[in-house]
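Note that the structure is predicted; figures quoted are calculated from it, not measured. Chain identifiers are assigned alphabetically (A, B, ...) following the order of the sequence lines, protein sequences preceding nucleic acid strands; residue numbering begins at 1 within each chain.
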Amino acid sequence: MSRYDSRDRRGTSGRDGGSRYGSSRDSRDSYGGRGGGGGFSGGGFRGSMKGSQPGERLRKPKWDMSTLQKFEKNFYKEHPNVASRHQDEIRRFHKEKQITISGKSIPNPIFTFDEGNFPDYVMSQLRRNSWQAPTSIQSQAWPIALSGRNLVGIAQTGSGKTLGFMLPAIVHVNHQPYLEHGDGPIVLVLVPTRELAQQVIEVSNEFGRSSELRSACVYGGAPKGPQLRDLERGAEICIATPGRLIDFLESGKTNLRRTTYLVLDEADRMLDMGFEPQIRKILEQIRPDRQTLMWSATWPKEVRRLAEEFLNDYIQVNIGALQLTANHNILQIIDVCMDHEKEEKLVKLLNEIMQEKENKTLIFVETKRKADDIARRMKRDGWPVLSIHGDKSQQERDWALNDFRNGRNPILIATDVASRGLDVEDIKFVINFDYPTCSEDYVHRIGRTGRATNTGTAYTFFTPGNAKQASDLVQVLREAKQVISPKLLQLEENSRGMRGGRGGRWQRGGGGGSRFSGGGGSRFSGGNNYSNGGYRSQNSFSGGSNSGSYGSMNGHSSGSSSMGKPYQNGNSGGFKPQWNQGGVTAASLTSIQPPPGPPPSGKY
DNA sequence: AAAAAAC
């Protein structure tokens, strides 16, 4: 099957309201360069182009880019309000949402789902939910991802991030040829924990169904059989934790030859967990001109290095303030006390909480052993409590989490396995029985409550032994305008100078020069889509041919950001890279489609 | 010093 046949599978046309170009297929006609030539194609300029006459067959116009750009420039000179109004809107948006962004030719954000230009099979699913507007991550990430660019997103979980990479992934898959027998996934999502994998596949199932995509979830601790069946049946989307995936790759049960869209979720966490060798091993299996989206809550050196090495020409989006911040929907209460007081205080607290109608409570402790101990003692005393940590069998973890989710068991005691990304609805209380080893984890833990627009309460037992963290914690509390107990301030005072090595952790780099996407001279430089009424391009996401062919690989690796070892022989052992050098062309890597008609070069 | 992850 040729690539061109595949494009129209399942009615994959973009949103086609009032297409100026006739058929939906034509609406995907592309004449904006990916990060290169002008991406401007608004209807307002239709008049300047020699279009086809009614009744005549639609011919591909000859684009004279310099004339077009001149026209656009003049247009904005003559209609200054059009441009400035929109740019102001974007600046205001970025400022309000505390978004900073850097990179070349950054597409403008979108502010409504309609502007996302998603195909019908995605829109119909979106409409089923009662969401009002995209989250800030989605606003910025969708246009970037849909235009085929690489993306580094610095953002906390629980802000719509999963959908932020999943919808473009689904669109991407729908622009690829069908899987053939023996093909591995087209989209690969790597996540640090099994629970997260299960969560992500929920989303991919929900939104992939309408275009008949199949997803597979690959992680350890569970029988291989069903996972293999899902893969062998043909899964366009694969969500995986690294270990089991490598197992399957090494044993040849699946491959990544067809993978062209890669997501690294919670990259900082994965590095923390020592997944780097595994990540490398997996990435070597994927063709280097793939589209890659990397997500991380922080931007430390290690993550930066990973991004430089594996993401060519990426756009970086920082969502949220540049300092460590907690969700403001959460009431944070810090109880400075001694270690031996904790248990009594916990019981007292839970007694109060259980009076509430909504009482779902997540309790964090320091160690797996402690999680077990406390859970056992509480269970003995009749509390509806379960525990979850990494030494439990996956089955037990699943049970515990399920019973917690559906409310059968309102109290869950957990280690940090549950601190990040876990999305359980209506958790009303988080209790930090032990303060975590770093305040970053604190923010993640309490973030399990107050999700979306809900509110929640976080109680934290803070002992003199945690004094090193006091200053970070105070900073978080101050930022969130919380009441700060004098005892905590006293501890902070005493520990002045104790906190070591904090510098830089929250310095999110990359902000640099052009923070705002449409700023200054870049307005016409390509890829930008104007969401302003009629001037919005229909084709904002149909860029030109992807420049990232294999030919450009050399430029890639010889550039300032070294690729480490060259991909050509980059097999560090185990199994050899074997991305598909044949069938899939670089242009089909992105969701961008080349114009219909004769292929632009012999390569196709 | 802990947590997470493949068999």
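- Phosphate contact (OP1/OP2 of dA6(B), side-chain N/O of Thr241(A), threshold under 4.0 Å): present.
- When Val385(A), Asp373(A), Leu362(A) are each tested for a side-chain contact (heavy atoms from CB on, under 4.5 Å) with Ile413(A), only one passes: Val385(A).
- The residue Gly221(A) sits close only to the backbone: its heavy atoms come under 4.0 Å of sugar-phosphate atoms, none of a base.
- Considering only side-chain atoms of Glu366(A), the nucleotide from dA2(B), dA3(B), dA5(B) that sits closest is dA2(B).
- The interatomic distance linking Arg445(A) (CZ) with dA3(B) (P) rounds to 11 Å, in whole Å.
- In this pair, Phe433(A) and Phe461(A) present their aromatic rings perpendicular. The plane angle is above 60°, beyond the 30 to 60° band.
- Thr437(A) comes within contact range of at least one nucleobase, with a heavy-atom separation under 4.0 Å.
- Between the CG atom of Leu190(A) and the C1' atom of dA5(B) there is a distance of 12 Å, rounded to whole Å.
- Taking side-chain N and O atoms only, Arg397(A) has a distance below 4.0 Å to OP1 or OP2 of dA5(B).
- Using cut-offs of 30° and 60° on the angle between ring planes, the pair Phe429(A) and Tyr459(A) is parallel.
- Distance, Asp416(A) CG to dA1(B) C1': 13 Å, rounded to whole Å.
- Note on Arg451(A) versus Glu425(A): no salt bridge recorded, every NZ/NE/NH1/NH2 to OD/OE distance being 4.0 Å or above.
- Computed from coordinates, the Lys392(A) NZ to dA3(B) C1' distance equals 16 Å when rounded to whole Å.
- Arg269(A) comes within 4.0 angstrom of nothing in the nucleic acid, heavy atoms only.
- Picking from dA5(B), dA2(B), dA6(B) the nucleotide with the shortest atom distance to the side chain of Glu250(A) gives dA6(B).
- The two residues Gly456(A) and Thr449(A) have their closest heavy-atom pair at CA-OG1, 3.1 Å.
- Comparing dA6(B), dA5(B), dA2(B) by their closest approach to the side chain of Asp247(A) singles out dA6(B).
- Atom NZ of Lys253(A) and atom P of dA6(B) are 17 Å apart (whole Å).
- Counting only heavy atoms from C-beta on, Tyr219(A) has its side chain closest to dA6(B) among dA6(B), dA5(B), dA3(B).
- Across dA5(B), dA2(B), dA6(B), the shortest atom-to-atom separation from the side chain of Glu195(A) is found for dA5(B).
- Of the side-chain N and O atoms in Arg420(A), none sit less than 4.0 angstrom from OP1 or OP2 of dA3(B).
- Rounding to whole angstrom units, CG of residue Asp272(A) and P of dA3(B) are separated by 15 Å.
- Regarding Phe364(A), its CZ atom lies at a distance of 14 Å from the P atom of dA3(B), rounded to whole Å.
- Remark: P of dA5(B) and CZ of Arg280(A) are 22 Å apart, rounded to the nearest angstrom.
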